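See below for the structure under consideration.
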Amino acid sequence: MRFGEGDAVDTDVIVVGAGPTGLMLAGELRLGGARVVVVEKLPEPTGQSRGLGFTARAMEVFDQRGLLPRFGPLEKSPLGHFGGIQFDYTVLEDAHFGARGVPQSQTEAVLEEWAAALGADIRRGWELTKLAEDGIGVEIVAGTPDGEQRLRAAYLVGCDGGQSAVRRMAGFDFPGLPATRRMYLADVTGCTIRPRFLGERLEHGMVMAAPLAPGVDRIIVCEHGEPAGDRPEAVEFEEVAAAWERITGESLAGGGADWVSSFTDATRQVSRYRRGRVLLAGDAAHVHLPAGGQGLSTGVQDAANLGWKLAATVRGDAPDSLLDTYHDERHPVGARLLMNTRAQGMVFLGGSEADPLRALFTELMELPEVRRHLAGTVGHLDVAYDLGPGTHPLLGRRLPPRPLHPAGPDGGADQADPAPTSTTDLLHPARGVLLDLTDQPEVRAAAAPWADRVNVVRAAPDHLGVLAGATALLARPDGHVAWTATGTDTPGAAPAGPADPGATPASADPNGTASLVAALHRWFGTPEVA
């Protein structure tokens with residue numbers, strides 16, 4: 001039974017915060033059939049953009065929902081950096097850093113248009129003032145242009161950033177390390193500023209500068225000895241200009257700024273991403289030094305992991321325990337994010353005492369295996385969830401983008417439907433995908449009871465690449481591979497996880513599909529027709 005049938009709720013899910021994470025989550029929830037209301041305290045988008053791009057993994061998440069063309073032409077950069085030391089991502093096959101030069105405001109506009117078109121109810125000018133969770137639902141009180149309003153839902157997700165009101169009101173702990181330094185950011189106009197793309201370390205601090213548009217330069221200023229204690233969010237351009245001059249000796253007199261801000265290197269992460277019916281995603285769950293453009297991309301991937309699970313739960317297709325896998329899978333990713341950004345801060349922002357560390361990293365990054373490791377870490381290319389036993393290297397990882405051709409009875413192109421597709425296209429509806437690569441009727445038959453949640457596709461890839469050795473695979477709606485069959489291994493053992501009384505025991509399964517049935521039960525619930 002769907003949550004809310006018999007319970008007084010206004011919507012299935014309340015999402016607090018209309019940044020990239022919240023809007024991505026809203027769209028994912030709507031694709032999964034959940035009703036969603038997004039509440040955002042700002043009356044309208046600010047147009048400001050701390051982030052100026054997203055990683056390759058975030059690009060894949062957008063692409064699997066058909067969103068990437070909405071951004072227009074994108075510049076894919078093969079180059080990234082770790083702590084200001086540049087390296088080439090193409091040390092990994094088909095890898096790149098991601099998209100550069102995309103303002104966060106554009107990302108938010110694309111996602112808001114998409115989520116709203118899918119039916120998400122986005123309410124701006126709603127500021128959360130109270131939150132209460134009673135075990136069967138969540139109720140909020142918000143100040144709005146029309147006065148105080150109440151709203152009740154089955155679940156609530158805080159996507160409201162590093163200063164999250166949801167995190168505080170719901171009683172999440174937030175352990176970690178306090179800030180040790182404060183930095184300034186400004187989009188400066190009316191000045192001629194020499195580019196310093198990877199930053200320049202000087203006696204009194206570090207500065208970065210890059211042109212954004214004709215007459216506009218993005219600068220970042222980190223002055224040694226600047227206290228990191230609490231201070232008002234508002235920053236004046238004169239403060240930034242004075243710090244810039246103290247470090248560089250260059251004057252920004254006569255210039256101005258489209259906007260200015262400050263940030264710190266505070267590093268914190270909630271211990272659990274879920275407390276009852278309240279969950280956190282993006283910066284509400286983890287804050288860190290913004291190094292390498294990872295924050296927005298991590299939040300988008302948090303949303304992609306959570307959205308389909310939460311939608312399935314409120315539909316009644318999955319047990320509430322499915323939501324616990326969100327924490328199990330994404331908390332370790334957040335912890336690695338905090339680890340690598342702290343390390344980058346030590347390399348990048350330290351004074352002369354960090355020179356030996358920078359020298360050592362520079363030497364190490366000459367080694368291909370080190371570059372591969374750092375590309376996987378900073379680009380999130382190494383994310384692999386523990387989704388059960390199996391031998392294929394794709395298990396737990398993202399299904400890679402590959403062109404496909406529908407397969408006919410002889411394994412060649414299907415003459416009845418010759419139109420090519422791709423692994424990315426198959427994920428557009430945000431449903432599970434069982435991909436049969438070698439014409440296995442018993443595999444397709446095993447998945448038939450889940451036809452309302454899982455699309456079964458026979459296809460032949462143009463080239464195998466990382467698909468080599470797989471005869472069939474099951475991808476979750478977030479694109480991660482949850483089950484594989486290989487030419488040498490006959491799957492039989494059920495994957496780790498809660499036992500399902502409807503699953504077929506391996507000993508009673510002569511065709512070796514028991515592990516597939518168990519994976520379908522685990523990730524897509526009990527089918528309506530067994």
Side-chain angles (χ1 to χ4, degrees), residues 1-41 65 111-112 114-124 126 128 130-142 144 149-161 164-167 169-170 172 272-282 284-285 299-327 330 430-431 453 477-478 525:
M1 184 175 88
R2 184 189 186 97
F3 188 96
E5 295 176 359
D7 295 301
V9 296
D10 302 300
T11 189
D12 294 323
V13 182
I14 298 169
V15 174
V16 181
T21 301
L23 294 169
M24 186 76 206
L25 179 60
E28 293 288 301
L29 289 166
R30 288 300 302 140
L31 284 174
R35 300 169 297 167
V36 57
V37 175
V38 181
V39 298
E40 166 58 54
K41 67 180 180 180
R65 298 298 183 249
L111 293 176
E112 182 164 358
W114 170 64
L118 290 172
D121 182 353
I122 301 171
R123 304 183 184 182
R124 291 189 174 274
W126 279 52
L128 181 68
K130 294 180 183 178
L131 183 156
E133 192 253 317
D134 57 15
I136 60 171
V138 185
E139 183 172 298
I140 68 167
V141 178
T144 81
Q149 300 286 334
R150 294 179 179 270
L151 195 64
R152 183 171 174 82
Y155 292 90
L156 180 144
V157 186
C159 302
D160 50 341
S164 172
V166 171
R167 186 180 66 231
M169 293 181 186
F172 286 84
R272 299 289 304 178
Y273 280 18
R274 178 188 182 193
R275 283 178 58 88
R277 294 184 173 272
V278 181
L279 303 100
L280 300 177
V300 164
Q301 292 171 82
D302 284 350
N305 184 284
L306 175 60
W308 68 276
K309 296 174 181 178
L310 189 48
T313 302
V314 299
R315 286 198 315 264
D317 291 344
D320 179 81
S321 59
L322 179 65
L323 292 180
D324 291 328
T325 68
Y326 166 61
H327 168 85
R330 293 305 296 174
R431 289 163 55 90
R453 304 163 209 178
D478 61 354

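All values reported here derive from a predicted model rather than from experimental measurement.
Of the possible polar contacts, one joining the Arg315 side chain to the Gly32 backbone as a donor-acceptor pair under 3.5 Å is found.
Minimum interatomic distance between Ala284 and Asp160 (heavy atoms only, all atoms of both residues): CB-OD1, 3.8 Å.
Residue pairs meeting the side chain to side chain donor-acceptor pair (under 3.5 Å) criterion with at least one member in residues 14-29, sequence neighbours excluded, are Glu28-Arg65.
For Tyr326, the ring pair (Phe, Tyr, Trp, His ring centres under 6.0 Å) partners are Tyr273, not counting sequence neighbours. Every side chain to side chain contact (heavy atoms under 4.5 Å, CB included) that Arg30 has, sequence neighbours left out, goes to Val36, Leu118, Ala120. Every side chain to side chain contact (heavy atoms under 4.5 Å, CB included) that Glu40 has, sequence neighbours left out, goes to Ala18, Leu42, Arg124. Partners of Ala304 under the side chain to side chain contact (heavy atoms under 4.5 Å, CB included) rule, at least two apart in sequence or in another chain, are Val61. Judged as a salt bridge (Lys or Arg N to Asp or Glu O under 4.0 Å), and not counting sequence neighbours, Lys41 has no contacts.
At a threshold of 4.5 Å between non-hydrogen side-chain atoms, the residues Thr144 and Arg123 do not count as touching. Inter-residue side-chain proximity for Leu156 and Val166 is flagged as met; some heavy-atom pair is nearer than 4.5 Å. Residues Leu310 and Val157 have side chains in contact (heavy-atom distance under 4.5 Å, counting atoms from C-beta outward). With a 4.5 Å cut-off on side-chain heavy atoms, Trp126 and Val37 do not count as touching.
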Q. How far apart are the C-alpha atoms of Val13 and Leu25, what are their side-chain angles, what is the distance that settles it, and do they pass the side-chain contact (heavy atoms from CB on, under 4.5 Å) test?
A. CA-CA 10 Å; Val13 182; Leu25 179 60; 5.6 Å; no

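A donor-acceptor contact under 3.5 angstrom links the side chains of His327 and Arg272, judged on distance only.
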